[in-house]
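So that the names make sense, note that chain A is the first sequence line, chain B the second, and so on, each numbered from 1.
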Amino acid sequence: MKSYLQNILQNALDKISPEPVKPDIIIEKPRTPEHGDAATNLAMTLAGTLRMPPRKIAEQLIENLDYDASKIKAVEIAGPGFINFRYADNWLFDQLGEVIKLGSDYGKTTGNSGKKMQVEFVSANPTGPLTVGHGRNAVLGDTIARLLEWTGADVDREYYFNNAGRQMRVLGESVRARYLQLLGEDAELPEGGYEGAYIADIAQKLIDENGDKLKNTQPDNPQFKQAAEEAIFEDIRNTLDRMNIRMDQFFNENTLYEDKSIDSVVQRLRDKGLAYDKDGATWFKTTEFGKEKDTVLIKSTGEPTYRLPDIAYHISKLERGYDLCIDIFGADHIATYPDVVSALKALGYDSSKIDVQVYQFVTIVKDGQPFKMSTRKANFVTLDELMNEVGPDVTRFFFLMRTPGTHLEFDIAEAKEAGEKNPVFYLQYAHARIHSIMVKASEEYNMEQTPDLSLLTHESEIALIKQVFQFPDAIALASQHREPHRLITYMNEVAGHFHKFYHDCRIMGEDAPIARARIALLQATRTTLANGLRILGISAPEKM
RNA sequence: GCGCCCGUAGCUCAGUUGGAUAGAGCGUUAGAUUCCGGUUCUAAAGGCCGGGGGUUCGACUCCCUCCGGGCGCACCA
């Protein structure tokens with residue numbers, strides 16, 4: 001419908017405009033129903049270029065507007081020059097039939113079809129369990145991937161990790177210390193070691209499997225680190241699985257060293273005069289790109305900083321042929337990714353294919369106090385603990401509810417208490433209630449007959465139909481902005497319109513024709529809610 | 001000091017890429033339901049959209065400035 005309106009408006013514009021103009025024609029749903037079902041501000045935006053008053057332009061547009069009366073009932077000028085459209089009733093009923101026919105595919109659009117995309121998210125190094133701090137990243141990434149899939153894209157979910165480096169070495173040493181302690185030896189955690197109880201669990205497992213055979217091996221015996229990495233990764237996968245997240249690929253940073261792509265990046269930057277040596281280190285000339293200081297790529301110890309593999313990694317993504325690569329980053333990375341983009345540009349890659357989504361941090365409040373988390377010091381609340389308390393649905397919903405750009409205050413006590421008062425129940429309850437009505441109705445009425453949808457004339461019925469029709473637009477919008485909360489806002493409105501309808505219009509006890517028509521409307525509403533919940537990765541229960 | 005993000009009802013937050021009279025939930029107050037699930041619905045109260053300038057037909061939205069909060073600014077990731 002949106003593109004239809006844009007089409008006929010453009011045709012009318014071609015007739016009245018002395019010179020060809022092709023503006024972006026914005027069609028929106030007015031806030032108040034008196035302003036119709038769809039509106040455009042086209043006449044106002046054109047006032048400047050056509051040098052005519054907006055209302056005059058609107059009049060001429062309408063005079064030249066060639067529209068299908070089976071779709072549009074009325075076109076009006078309002079306010080300073082808005083053009084308002086009202087949909088024809090029969091068109092509404094036809095579309096309602098389409099929604100039911102589409103079923104679990106309703107809401108899918110083709111704006112991104114044929115495109116290969118990648119979303120990289122979580123990407124936590126395997127030094128400990130996933131915490132609520134990682135939760136926002138994980139859920140946002142997965143849901144953005146789902147939204148893109150619903151707009152037609154082929155999406156890969158990728159987890160990038162580093163199992164070398166200092167943190168992992170300290171992790172291995174920590175396991176070794178616990179291992180020795182469990183065997184009654186005198187051992188101490190290394191400086192800055194990991195204090196969490198899971199370290200001792202891993203050490204215990206090593207004892208179960210190897211006894212004390214590892215006692216007299218070298219302190220840097222890789223078995224400790226490997227055992228830790230395996231156990232922690234298994235734990236992380238399980239947590240993600242519980243949250244309804246399945247990665248397509250885990251990408252190990254180490255492969256970028258093995259295939260020499262790191263060296264290649266440095267060499268290519270040198271060739272462009274963008275890398276040089278100073279004080280025993282290798283520097284990237286970020287001052288060329290407006291930064292105040294140059295940036296170290298390789299430390300004087302010979303070890304690269306994380307920025308270098310980051311550049312190589314993004315080159316790898318682009319060379320794998322993705323049309324779009326989305327990075328989900330916390331606010332702490334905000335200052336670092338411009339370097340990566342600069343490097344990609346300088347080396348001749350199309351950096352517009354990299355889309356960095358930065359979300360603001362989650363502030364944990366525990367016992368009424370801000371709570372500073374640290375994986376190393378074992379001050380954290382894990383996602384598993386949270387899911388044990390409130391379940392995966394509430395967990396996902398909590399992280400998706402708000403716009404990613406604002407801080408999310410996560411009060412542990414409130415989340416636990418939230419339980420039944422949590423807003424996610426409002427959506428799930430609507431779905432369960434519809435299911436229950438439909439089961440009852442199918443016992444009472446013959447559902448074989450085709451419903452006569454034109455019997456849906458009540459204000460609440462029409463409002464619900466129109467709300468259901470907004471679904472594909474809501475998905476497309478949330479997908480474009482990479483903001484899942486926009487879909488939630490929409491779905492709350494669906495549930496609201498449904499409950500109003502439920503309150504105003506009965507089914508059981510009504511004559512069969514009207515009952516059948518209303519059940520069809522329920523079917524479409526249920527489809528919308530179920531599909532929406534599926535995108536959010538939240539269950540759509542039949543009973544609660 | 002520099003860069004980025006955020007200030008909207010008592011609280012938590014929306015606000016359709018500059019539009020028509022700024023909305024919802026929770027909380028408060030007053031109501032509805034013999035009947036399909038009361039985890040529901042209706043209504044009221046509650047606002048200088050942090051302050052001040054600017055841009056234009058029109059600003060919560062864009063620009064500047066100030067105030068207040070968060071996060072970055074390493075040869076750490």
Hey, does the side chain of T525(A) reach the backbone of L521(A) with a donor-acceptor pair shorter than 3.5 angstrom?
yes
Thinking salt bridges, do R482(A) and D355(A) make one under a 4.0 Å N-O criterion?
yes
Check the interface with nucleotides 55-57 of chain B: list each N/O to N/O pair with the protein under 3.5 Å, or write none.
none

Stems with RNA chain B, 3 or more Watson-Crick or G-U pairs in a row (under 3.5 Å), are B:1-5 with B:69-73, B:10-13 with B:23-26, B:28-32 with B:40-44, B:50-54 with B:62-66
Under the 3.5 Å rule, do the base of G72(B) and the side chain of D332(A) count as making a donor-acceptor pair?
no
Round to the nearest Å and state the distance from K293(A) atom NZ to C75(B) atom C1'.
11 Å
Rounded to whole Å, please give me the gap between NE2 in H333(A) and C1' in G72(B).
11 Å
With rounding to whole Å, what would you report as the distance between G68(B) and C6(B) at their C1' atoms?
11 Å
Would you check if the side chain of S539(A) reaches a backbone N or O of P541(A) as a donor-acceptor pair within less than 3.5 Å?
no
I'd like to know if E120(A) and K317(A) make a salt bridge, using a cut-off of under 4.0 Å between side-chain N and carboxylate O.
yes
Under 3.5 Å donor-acceptor pair, D310(A) side-chain atoms to A77(B) base atoms
no
Using whole Å, what does the distance between atom P of nucleotide A14(B) and atom NE2 of H481(A) come to?
14 Å
Are OP1 or OP2 of C75(B) and a side-chain N or O of K278(A) less than 4.0 angstrom apart?
no
Does the side chain of R402(A) get closer than 4.0 angstrom to OP1 or OP2 of C13(B) through an N or O atom?
yes
Figure out the CZ/C1' separation between R136(A) and C5(B), and round it to whole Å.
11 Å
What is the separation between atom CD on E444(A) and atom C1' on C35(B), rounded to the nearest whole Å?
13 Å
Is the distance from the ring center of F399(A) to that of Y359(A) below 6.0 Å?
no
From the list A20(B), G19(B), C36(B), which nucleotide is the closest neighbour of the side chain of N84(A)?
A20(B)
Let's see if you can work this out: which of C36(B), U16(B), C75(B) has an atom nearest to the side-chain heavy atoms of V296(A)?
C75(B)
Carboxylate-amine/guanidinium proximity below 4.0 Å for R486(A) and D473(A)
no
Does R506(A) offer a backbone N or O that forms a donor-acceptor pair with the side chain of R518(A) under 3.5 Å?
yes
Row check, F284(A) ring normal vs R307(A) NZ/CZ: under 6.0 Å, within 45°:
no
Whole angstrom is fine here: how far is it from CD1 in I437(A) over to C1' in U40(B)?
11 Å
N-O pairing of R166(A) and E173(A) below 4.0 Å
no
Side-chain (R516(A)) to main-chain (N446(A)) donor-acceptor, under 3.5 angstrom:
yes
Figure out the NZ/P separation between K29(A) and G23(B), and round it to whole Å.
13 Å
Are H485(A) and the base of A14(B) stacked, counting only ring centres nearer than 5.5 Å and planes tilted under 30°?
no
Classify the nucleic acid contact of A331(A) as base, sugar-phosphate or nothing, counting any heavy atom under 4.0 Å across all strands shown.
sugar-phosphate
Rounded to whole Å, the CZ-P distance (F425(A) to C26(B)) equals 15 Å
Counting distance alone, no hydrogens or angles: does the base of C75(B) have a donor or acceptor under 3.5 Å from a partner atom on the side chain of T305(A)?
no
